[in-house]
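Below: the structure, in structure tokens.
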Amino acid sequence: MSILVNKDTRVVGQGITGKAGSKHALNNIAYGTNYVAAVTPGKGGTDFDGVSKKLPVFNTVRDAVVNEGANTSVIFVPPPFAADGILEAIEAGIRLIICITEGIPVRDMIRVKAALRDNPQARLVGPNCPGVMTPGQCNVGIMPGYIARPGKVGVVSRSGTLTYEAVYQLTQRGYGQSTCIGIGGDPVNGTSHLDVIRMFNEDPETEAMIMIGEIGGNAEELAAAYIKEHVKKPVAAFIAGVTAPPGRRMGHAGAIVSGGSGTASAKIAALKDAGISVADTPAQMAEALLKIYS
Amino acid sequence: MNIHEYQAKELFAQYGIPVPKGVAVQSADKLEEALASMPQGVVVVKAQIHAGGRGKGTFTDGFQGGVKVCPGHAQALEVAAKMLGNTLVTKQTGPVGKRVGTVYFNEPVKIAKEYYLAVTLDRARGRPVVIASTEGGMDIEKVAAESPEKIVRINVDPDGGVQAYEKRVLAYALGFDGKELFKQFSPFIDALVKLYWEKDCSLVEVNPLIVSADGRLIALDAKIGFDDNAIYRHPEIEALRDLSEEDPKEIEAGKSGLSYIALDGNIACLVNGAGLAMATMDIIKHYGGRPANFLDVGGGASVEAVTNAFRIILSDPNVKGILVNIFGGIMSCKTIADGIIGAAHNVHITIPLVVRLEGNSVKEGKQALADTDITIISADGMADAAEKIVAAVAKAG
């Protein structure tokens, strides 16, 4: 098993007829991911050339759900229109929405968050995230597939490139992954560290986890409290941003330390208190896990 | 994006939020004319920079205080002339300080009591939150740490407007139970939340909010930050941007779609992804080096943008070495390699350059670098890369 996506996932790509979107959708399809449709308003009735197969393009997400049974959406829509795309997917009954788009205004995401509260059946991963990959089965988003291999370690991170780093370290040491998830670096997002940790904990095929956090907010502390209370599986972690100066936004809008809250040292202390093996450097994430899991 | 106090107060005034009468001046020859528009008698002169702690700050020429209460126009003129063009150092500016390009004359207000009021994002809930405290004029983070019971928070739904009970909760907490004060507070909080929402703010802060000796509710100071992702829909806010407040290298980086923040070390980093960029800074420090910057080239950077990234990095005279750390997801390693080659042809790189490439098109990227005559120390993995650049910089002395 795995979480969120597998070989039965039926993906509709929103905004994949554009340049960046099509490139990544083609990579996903080449990986074996089951794309069933594309949605681009105004291009309904045309085809998307997925090389190994042609996908029907629809004007609305609802059409993709009704005609092709899509249950998962991946969003590459440009930032001014991306929140609208998420809301459309929620309304169409999509269960899992993975939003890759970076740069969505916070106000738009506040509206999305309210819609998610009203539609608890829908889960959003992202925005501003690399996507979700269950190695060997399904890769939705922009993660380079070759770095992963099927296995039993769950990986969750805000950051795309740090996810790759952890996954690659595991693969090089002969440890595969159950599912790799980038939850995104924005201050308002759909799925939290805690949500993913809970799913990994309940997934019988996931034996251990790596959680990668960064400065700002208190999501890592909340996950640590849950792990302390409920998780028996081995967990390793890394927190990025020890050297970041307070008050400066480090690329990710979420990564900002203000007034002593959200500091790396406070997060590391909370993780250690929960019995989590914390890596001293980003080069030692797999190593930190393998100290407590083999 | 941040704006000056005087700009924030002008926005407040547009939304009907009471502020002291004031006028902002950018040039010395306009000071007298501006003062003439102020009532006779006491005038408050405020240096305008994007940093707190102005009142207790010191100018680099020794002049004390970025906020001065002057007994009359003559003194105000003298003080304003000293501030304008001068450089103010506060606890938030760093030792270099910030040049004062604008002074702001304000009418004096007799304060009966000070409060704190702000609207910002509650990240945990993904909703706006109003924060209020009776401890006005203080560092709110300090209040939160030392006496959290003195801070009241209430989540609001800006689309639906602030509910009457929410206003009552805030008003009672602040002690505005008298009918007269509540009558002023109700539209005040409505306007503050409306401004936060309509202009895509990240923070609207009134510190202090005051009740004057004659019973009026007034925003004595104003601070507004905006969501950078939403500036595109507010050209009127973009027009308020003061580029002199920003690091020229950061502005240049922004034009190329790069995210750059200058730091005080000597090892420059060029990384894709914000998380990896932060982690790269961390690992440089772990191995005994000091990062000179945060630089995220993002996922969609072109060869030209990468070349610009090198130009920006190299314009920092403190930089003694460069670490390129790429794990390509969207970003192709070939693009980075071509950017490095392009940069080496345009700008002469004489300092050690360590490159670590992994991910998307890694073979093509490594091959492109191998085919040039640029001196590159290649690395496998982050630890190897960090160790190599720290050692190379130490060796170069």
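- With a 4.5 angstrom heavy-atom cutoff, A:I100 does not touch chain B via any of its atoms.
- Side chain of A:N189 to main chain of A:G126: no donor-acceptor pair is present (N/O by atom type, distance under 3.5 Å, no hydrogens or angles).
- Per-residue counts of heavy-atom pairs under 4.5 Å with chain A were compared for B:A386, B:G359, B:A230, B:P128; the largest is that of B:G359.
- Counting heavy-atom pairs under 4.5 Å between each of A:N218, A:I212, A:T161, A:I142 and chain B puts A:T161 at the top.
- Only the side chain of B:R233 comes within contact range of chain A, judged by heavy atoms closer than 4.5 Å.
- Side-chain contact check for A:S157 and A:E214: no donor-acceptor pair (N or O, by modelled atom type) lies under 3.5 Å.
- Using modelled atom types and a 3.5 Å distance limit, the side chains of B:S332 and B:N360 yield no donor-acceptor pair.
- When each of B:V130, B:V129, B:D122 is tested with B:I154 by the rule side-chain contact (heavy atoms from CB on, under 4.5 Å), just one qualifies, namely B:V130.
- Checked against A:V278 for a side-chain contact (heavy atoms from CB on, under 4.5 Å), the options A:M211, A:K267, A:K272 give a single hit: A:K272.
- Contact of B:D159 with chain A is made through the side chain alone, with heavy-atom distances under 4.5 Å.
- Top candidate by heavy-atom pairs under 4.5 Å with chain B, chosen from A:K113, A:K23, A:R111, A:M143, is A:R111.
- Chosen from A:M109, A:R117, A:Q172, the residue pairing most often with chain B at heavy-atom distances under 4.5 Å is A:R117.
- Residues meeting the ring pair (Phe, Tyr, Trp, His ring centres under 6.0 Å) test with B:H50, sequence neighbours left out: B:H4.
- Between chain A and the residues B:G328, B:A124, B:A277, the largest count of heavy-atom pairs under 4.5 Å involves B:G328.
- Between the side chain of B:T93 and the main chain of B:K98, no donor-acceptor pair closer than 3.5 Å is present.
- If you measure heavy-atom distances from A:I147 to chain B, the contacts under 4.5 Å come from the side chain alone.
- Residues B:I336 and B:V297 come closest through the heavy atom pair CD1-CG2, 4.2 Å.
- Ranked by heavy-atom pairs shorter than 4.5 Å toward chain B, the options A:G145, A:P282, A:P144, A:A283 are led by A:P282.
- Side-chain atoms of A:Q14 come within 3.5 Å of backbone N or O of A:G85 as a donor-acceptor pair.
- Both the backbone and the side chain of B:E358 come within contact range of chain A, with heavy atoms under 4.5 Å apart.
- Most heavy-atom pairs under 4.5 Å with chain A: of the set B:D282, B:L276, B:I326, B:D384, this distinction falls to B:D282.
- Between chain B and the options A:H24, A:E165, A:Q169, A:Q284, heavy-atom pairs under 4.5 Å are most frequent for A:E165.
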